[in-house]
Each structure stands twice: as structure tokens, then as C-alpha cells.
Amino acid sequence: MLLAIESSCDESACSIFDTSKIKYNKTLDELIVDEVISSQVNLHKEFGGVVPELASREHIKNLPFIVQVILYKNKIKFSDLTKIAVTSGPGLKGCLLVGVSYAKGLAFSLNKPLVGINHLEAHILSAFSNLKLNEINEFLPALALLVSGGHTQLIKINKIGQYQILANTTDDAAGEAFDKIGTLLGFSYPAGKSVSEAAKIGKALHKLPMPVQGDYNSFSFSGLKTSAALYIKKSALELNTKEKREVFVNDFSASLEQIIVESLISKTEYHLSQDNYKSLILSGGVAANSVLRKRVCDISSKYSLNCLIPRPELCTDNASMVGICALLRSNFIENNSINTSLEVKTRWNVDEVANL
Ligand code: KG4
Ligand code: ZN
């Protein structure tokens with residue numbers, strides 16, 4: 001049994017995989033025995049964002065508890081665990097330290113192998129969850145659009161463990177744009193999901209500027225944030241009834257969603273046209289957005305590519321993606337050497353992941 005742990009931001013999560021089933025040629029999803037997530041969203045809501053020190057303290061309280069729960073619920077003993085995987089970066093330092101220290105202690109006491117997983121690689125590889133382990137190479141090379149609260153990147157995956165960043169975040173990430181502009185519309189943190197719900201009711205009638213398009217190697221959403229803030233402030237003067245405000249919030253959400261999605265899609269299409277790929281991957285928290293999911297499937301069909309998008313629960317932070325990443329790094333599964341000297345890396349690009 002593999003225990004996977006995630007604590008890089010505001011979710012404490014653990015997941016258990018039955019590694020004995022690998023030989024039966026199952027999909028990665030079929031190896032998942034159970035997963036538990038304890039979200040801190042309600043705690044951070046009133047501050048409008050994650051408060052790192054509070055987040056670390058919550059992980060200290062919650063992580064040992066959810067591991068006990070998952071083991072008890074599934075009648076698994078600590079001694080049944082054969083491998084431990086934990087997110088060791090990038091993320092908030094205190095939060096990573098709690099997860100890594102806990103995982104180290106567990107691995108040391110059980111005398112079992114431990115591996116540190118890159119959170120971004122885990123997001124990307126979660127897109128393979130419904131594929132069989134021996135099929136995955138047929139889906140490569142792939143282009144991955146990784147869109148989370150902290151990152152907006154286009155990454156070429158040559159093979160598992162070998163990544164090339166083609167376009168990167170220069171300021172606010174796509175998720176951050178949803179969150180910050182959504183907060184100005186009156187939604188609580190994290191606002192991405194609420195914006196996408198409101199957008200379903202609204203019409204994209206408001207004209208917002210397209211984020212910088214010329215530079216295909218970077219993503220920038222801070223200009224959009226400034227324009228949106230000014231637009232909302234100006235419009236507020238005319239919104240003198242509850243009904244008018246509601247219509248504005250829904251229509252503005254639809255406009256915002258459309259502009260963010262189209263700016264992501266146009267850069268993705270540019271990079272698809274520059275190289276040969278077998279698949280297009282969408283992952284990270286913003287990949288839970290249904291309009292973006294549909295547009296990514298549309299352009300996958302246009303370029304005759306496999307479209308790989310994790311199920312919505314695997315898009316936002318979770319521990320199953322950490323386990324999937326560990327399982328896909330076959331060296332880790334075959335290697336039984338015990339090494340509990342793992343350090344956290346608050347900054348860690350996906351093209352810097354060494355072989356595990
Ligand atoms: O990957 P993730 O869970 O955490 C990070 O690693 O950052 O991503 C969280 C981000 C937040 O910005 C959240 O607002 C956004 O994903 N998000 C969404 C949706 N669901 C979550 N953004 C747009 N539409 C959604 N449905
Ligand atoms: Zn994440």
C-alpha cells in the first residue's frame with residue numbers, strides 16, 4: 001500500500017493506493033483505495049486569501065487525523081504501508097514542512113521508502129489517472145496546459161519526468177485572476193468556482209481587454225485585473241437595485257470567464273501548431289472550469305489529439321495526484337532503498353525534477 005500526502009497550500013489530503021494490483025494492468029484510478037481531503041477554505045475566507053501561518057497550524061492538527069481516518073475506514077494498519085509519497089514543493093514553506101516532517105517521521109518509524117513529489121508534476125500527471133500504466137507512453141509527447149491558483153504554464157512532456165516549459169506565468173496566474181476579480185464582484189475566496197457558476201446564468205456582454213497576446217512564451221493577467229477593477233468600480237454607480245447588481249455580476253462573470261479561457265486557448269493553439277503532439281492535457285484547479293474543459297476538447301479534436309483532463313475532483317489540490325505521480329515514476333516503485341533525508345523546496349520548476 002502506498003500512502004500519498006498533500007499539504008502544500010490550504011488542503012490537507014491523503015490517499016491510499018493498492019500497489020499490489022499494478023501487475024493486473026489496472027488504470028491508476030483503479031489502484032486508488034480511498035482519498036480524504038480536509039479543506040481550510042472556511043478558515044481563510046474571512047481574510048480573502050490563504051494565511052500561511054494559520055494554514056501550517058491547521059495541517060499540524062488535520063494531517064495526522066485524516067491519515068488515522070483513512071487507515072481506520074479501510075481497515076489498513078500502519079504496518080501495511082510499503083511506500084510513502086509527499087508533496088515536497090513548490091508551495092508555502094510552513095505547510096510543506098508539516099507534510100514532509102510528518103511523512104519523514106512515518107517513513108523512518110516504519111522503515112519504508114519515502115519520495116518527495118513536485119506538486120506541479122503531480123497536477124500534470126493526474127491527467128493520466130484513467131489510463132493503464134503500460135499505455136501511457138502511447139499518449140506522449142503531450143502538451144500540458146497547467147492552470148492553478150499560482151501557475152499558468154504550457155509544458156511539453158517528452159516522457160514522464162522530462163518536461164520543457166514553453167510558456168510561463170509573468171504575474172498573476174489564471175486562478176489568481178478568477179479569485180481576485182471574483183472577490184471584487186463580491187464572491188468569497190477562492191472565487192473561481194463561484195465566478196464559473198455565475199457565468200452559467202450570465203451573458204458575456206461586457207467588453208474586457210484580451211491579456212497580452214503577442215508574446216506566446218508568457219501569460220499575464222495583471223492588466224486584465226486592473227481593467228476589470230476599474231470597470232466594476234465605474235459600473236457600480238449605475239447598479240442601484242439588487243436585480244441590476246445580480247444581472248451585472250452574472251454577465252460580468254461570463255465576460256471574464258470568456259476572456260480568460262480564450263486567452264489560454266489561443267496560446268495553447270499557437271504551441272500546438274509549432275510541434276508534433278499526440279495529446280493535449282489540461283490540469284490544475286482551473287481545469288475544473290467547464291467552459292475551459294470544453295474548449296480544450298474542441299481544440300484537441302481540431303488537431304486530432306487525445307484530450308486528457310482529470311475528473312474535476314482531481315483538478316483542485318488532492319493527494320491522489322501525488323500518488324499517481326509517485327507510481328508513474330517507476331524507479332520509485334521498483335526501488336526499495338530507504339532514504340528519509342528529504343528537504344522542502346518552496347520554488348521548484350517542473351523542468352527541474354530529477355529522476356526519483
Ligand atoms: O490547483 P489548485 O487547487 O491550487 C493551487 O495549486 O494553486 O487551484 C486553485 C485555483 C483557485 O484559484 C480556484 O479559484 C481555481 O483553481 N478554480 C477555478 C474553478 N475551480 C477552482 N477557477 C475557475 N473555474 C472553476 N470552476
Ligand atoms: Zn495545486
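For ligands, and for the atoms within them, numbers begin at 1 and follow the listed sequence.
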I'd like to check Glu246 versus Glu243 (side-chain heavy atoms, cut-off strictly below 4.5 Å). Are they in contact?
no
Would you call Cys9 a ligand 1 contact, heavy-atom distance under 4.0 Å?
no
Work out which heavy atom in Phe187 is nearest to a heavy atom in Ala198; give both atom names and the distance.
CZ-CB, 3.8 Å
Taking the six-membered ring for Trp, is the centroid-to-centroid distance between His59 and Tyr102 below 6.0 Å?
no
Looking only at protein heavy atoms, which one is nearest to atom 15 (C) of ligand 1, and what is the separation?
Val286 CG2, 3.9 Å
Heteroatom distance test (Pro190, ligand 1): nitrogen or oxygen, under 3.5 angstrom:
no
Sub-4.0 Å atoms of ligand 1 with respect to non-hydrogen atoms of Gly149
5 (C), 7 (O), 8 (O), 9 (C), 10 (C), 12 (O)
Note: Asp179, heavy atoms under 4.0 Å from ligand 1, region reported as side chain
Does ligand 1 have an atom under 4.0 Å from some heavy atom of His123?
yes
Test: Lys225 and Asp172 ion pair at under 4.0 Å:
yes
Gly175 heavy atoms within 4.0 Å reach ligand 1 at atoms 12 (O)
Using a 4.0 Å cutoff against the non-hydrogen atoms of Ser196, which atoms of ligand 1 qualify?
24 (N), 25 (C), 26 (N)
Determine whether the side chains of Ser8 and Glu6 contain a donor N or O and an acceptor N or O closer than 3.5 Å.
yes
Taking atom types as modelled and ignoring hydrogens, do the side chains of Ser218 and Asn168 form a donor-acceptor contact shorter than 3.5 angstrom?
no
Answer yes or no on whether Lys156 is positioned over the face of Tyr163, meaning its NZ or CZ is under 6.0 Å from the six-membered ring centre and within 45° of the axis.
no
Between the candidates Gly192, Ala174, Gly91, Pro312, which shows the shortest non-hydrogen contact distance to atom 18 (C) of ligand 1?
Gly192
Would you say the rings of Tyr189 and Phe47 are close, in the sense that their centroids are separated by under 6.0 Å?
no
Check the pair Arg329 / Glu121 against salt bridge (charged side-chain N to carboxylate O under 4.0 Å, His left out), numbers first and verdict last.
CA-CA 11 Å; Arg329 295 305 205 90; Glu121 185 183 18; 2.8 Å; yes
Gly150: numbered ligand 1 atoms lying under 4.0 Å from its heavy atoms
7 (O)
So, taking the atom named NE2 in His271 and the one named CD1 in Ile155, what distance separates them when rounded to the nearest 0.5 Å?
11.5 Å
Return the number of protein N, O or S atoms with a distance to the Zn ion (ligand 2) smaller than 2.8 Å.
3
I need the nearest protein heavy-atom contact for atom 17 (N) of ligand 1: residue, atom name and distance, please.
Gly285 O, 3.6 Å
Lys302/Glu269 salt bridge by N-O under 4.0 Å criterion
yes
Is the closest heavy-atom distance from His119 to ligand 1 below 4.0 Å?
yes
